[in-house]
**Student:** 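Questions regarding the structure given below will be posed in turn.
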There are 2 protein chains.
Amino acid sequence: MDPVQYTRDNLADKLRQHGVNPTHQRIEIAYALFSRQSHLSADQVMAIVNEKHSETSKATVYNTLNLFRQKKLVREVIVDPTKVFYDPNTEPHYHIYNVESGELTDIDASAVQISGLPELPGGVVAEGMDVVIRVRPE
Amino acid sequence: MDPVQYTRDNLADKLRQHGVNPTHQRIEIAYALFSRQSHLSADQVMAIVNEKHSETSKATVYNTLNLFRQKKLVREVIVDPTKVFYDPNTEPHYHIYNVESGELTDIDASAVQISGLPELPGGVVAEGMDVVIRVRPE
DNA sequence: GATAGGAATTGGACTCTGTCTAATTTCAAA
DNA sequence: TTTGAAATTAGACAGAGTCCAATTCCTATC
């Protein structure tokens with residue numbers, strides 16, 4: 001599957017495999033997400049990418065994250081009403097969301113069994129299922 | 001349980017039962033949500049409540065919806081990255097979300113079985129679980 | 001009825017996330 | 001070297017939601 005260690009080099013390949021032209025900015029944004037393997041908001045991506053020198057604009061960060069989503073390099077996680085998180089893990093999995101701290105943790109989907117879901121209404125196809133366990137400090 | 005027909009009168013009682021002082025504006029907002037039994041955004045609530053005469057400000061709509069949520073009269077549904085929906089159904093249930101149309105449909109939770117979820121990390125308690133099936137037109 | 005005081009409501013300014021646009025820069029191919 | 005499409009950019013803009021100080025509304029007490 002994916003390499004153990006993400007480098008700018010193998011990320012460039014990954015982008016190409018998904019039909020994304022690997023520019024400097026796109027590689028840096030991909031590196032921010034994949035090297036951490038964590039859920040980042042556009043804001044956080046922006047801050048990481050511009051840590052050393054300002055090199056990527058807000059517009060590019062948003063353009064790129066939307067492009068990555070379309071090309072299925074990342075997945076959106078919608079749990080916080082104020083911002084979207086981007087998840088570099090595109091394997092089926094679920095989330096634990098701490099509503100106080102905003103912390104987001106993965107749950108492996110392979111162990112989870114869900115049964116008894118109804119038929120979908122006619123004319124639509126499932127795109128995915130999100131499961132979020134909302135928790136708060138005891 | 002809840003009355004078959006919601007009236008402004010029995011909604012005032014319902015508010016009181018949840019520790020909410022039933023003012024004119026709060027009753028109208030409750031009526032908008034409960035009489036329709038559908039998922040509304042703050043914007044939609046605002047429009048409904050001010051349909052005939054302008055009688056409730058934006059600040060009050062937001063204040064009231066947040067109060068209703070705290071008092072567990074309604075539940076937030078977070079599926080659309082741009083706005084929160086408020087759901088007058090506080091029984092456990094899940095959702096089908098049409099990402100094209102924005103349409104939100106309930107799934108009865110009692111028929112659904114979910115097993116194999118991991119232990120929660122220490123120091124937190126579950127507040128609820130959201131299940132959203134994202135669909136799009138075929 | 002009059003008054004007082006806390007609760008609720010209000011307009012409007014403000015913040016924040018995300019989008020849009022027109023101009024500029026980059027880059028690869030010829 | 002030229003050229004043209006793709007990518008990036010700054011900054012204006014849009015929409016959801018919050019905040020705050022001022023006003024209005026209720027209710028209890030006299």
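Per chain, numbering begins at 1; letters A, B, ... match sequence-line order.
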**Student:** Can you list the residues that meet the salt bridge (Lys or Arg N to Asp or Glu O under 4.0 Å) rule with A/D130, with sequence neighbours excluded?
**Tutor:** A/R75, B/R134
**Student:** Taking the side chain as C-beta and beyond, is there a heavy-atom pair between B/L104 and B/I96 under 4.5 Å?
**Tutor:** no
**Student:** With sugar-phosphate meaning primed atoms plus P, OP1 and OP2, does A/N66 contact a base, only sugar-phosphate, or nothing at under 4.0 Å between heavy atoms?
**Tutor:** sugar-phosphate
**Student:** Could you go through the side-chain hydrogen bond (donor to acceptor under 3.5 Å, both in side chains) check for B/T7 and B/D9 one step at a time?
**Tutor:** CA-CA 5 Å; B/T7 63; B/D9 254 19; 5.6 Å; no
**Student:** Considering only residues two or more places apart or on different chains, which pairs with a residue in residues 38-80 of chain B satisfy ring pair (Phe, Tyr, Trp, His ring centres under 6.0 Å)?
**Tutor:** B/H39-B/H95
**Student:** Give me the residues of residues 51-60 of chain B where at least one heavy atom lies under 4.0 Å from an atom of DNA chain D, by number, or none.
**Tutor:** B/K58, B/A59
**Student:** Going by atom types only, do A/T82 and A/D80 share a side-chain donor-acceptor pair under 3.5 Å?
**Tutor:** yes
**Student:** Looking at residues at least two apart in the chain, or sitting in another chain, which of them share a salt bridge (Lys or Arg N to Asp or Glu O under 4.0 Å) with B/R36?
**Tutor:** none
**Student:** Categorize B/N63 for me: base, sugar-phosphate, or nothing, with a 4.0 angstrom heavy-atom threshold over every strand shown.
**Tutor:** base
**Student:** So does B/Q25 get a backbone contact from the side chain of B/E28, meaning a donor-acceptor N/O pair under 3.5 Å?
**Tutor:** no
**Student:** To the nearest 0.5 Å, how far apart are NE2 in B/H93 and CD1 in B/I107?
**Tutor:** 9.5 Å
**Student:** Starting at the 5' end of DNA chain D, which residue's closest nucleotide do you reach first, B/Y62 or A/V61?
**Tutor:** A/V61
**Student:** For DNA chain C, whose closest nucleotide is more 5', that of B/P81 or that of B/H24?
**Tutor:** B/H24
**Student:** I'd like to check A/V49 versus A/V61 (side-chain heavy atoms, cut-off strictly below 4.5 Å). Are they in contact?
**Tutor:** no
**Student:** Taking A/T64 for the side chain and A/T60 for the main chain, is one N or O donor matched with an acceptor at less than 3.5 Å?
**Tutor:** yes
**Student:** Using a 4.0 Å heavy-atom cut-off across all strands, classify A/T82 as base, sugar-phosphate, or nothing.
**Tutor:** sugar-phosphate
**Student:** Could you tell me from which nucleotide to which nucleotide of DNA chain D, 5' to 3', there is an atom under 4.0 Å from chain B heavy atoms?
**Tutor:** D/dA16 to D/dC19
**Student:** Should the heavy atoms of other residues, nucleotides or ligands under 6.0 Å from CD of B/E55 be counted, would the total exceed 12?
**Tutor:** yes
**Student:** With a 4.0 angstrom cut-off to heavy atoms of chain A, pull out the first and last contacting nucleotide of DNA chain C, in 5'-to-3' order.
**Tutor:** C/dT17 to C/dC20
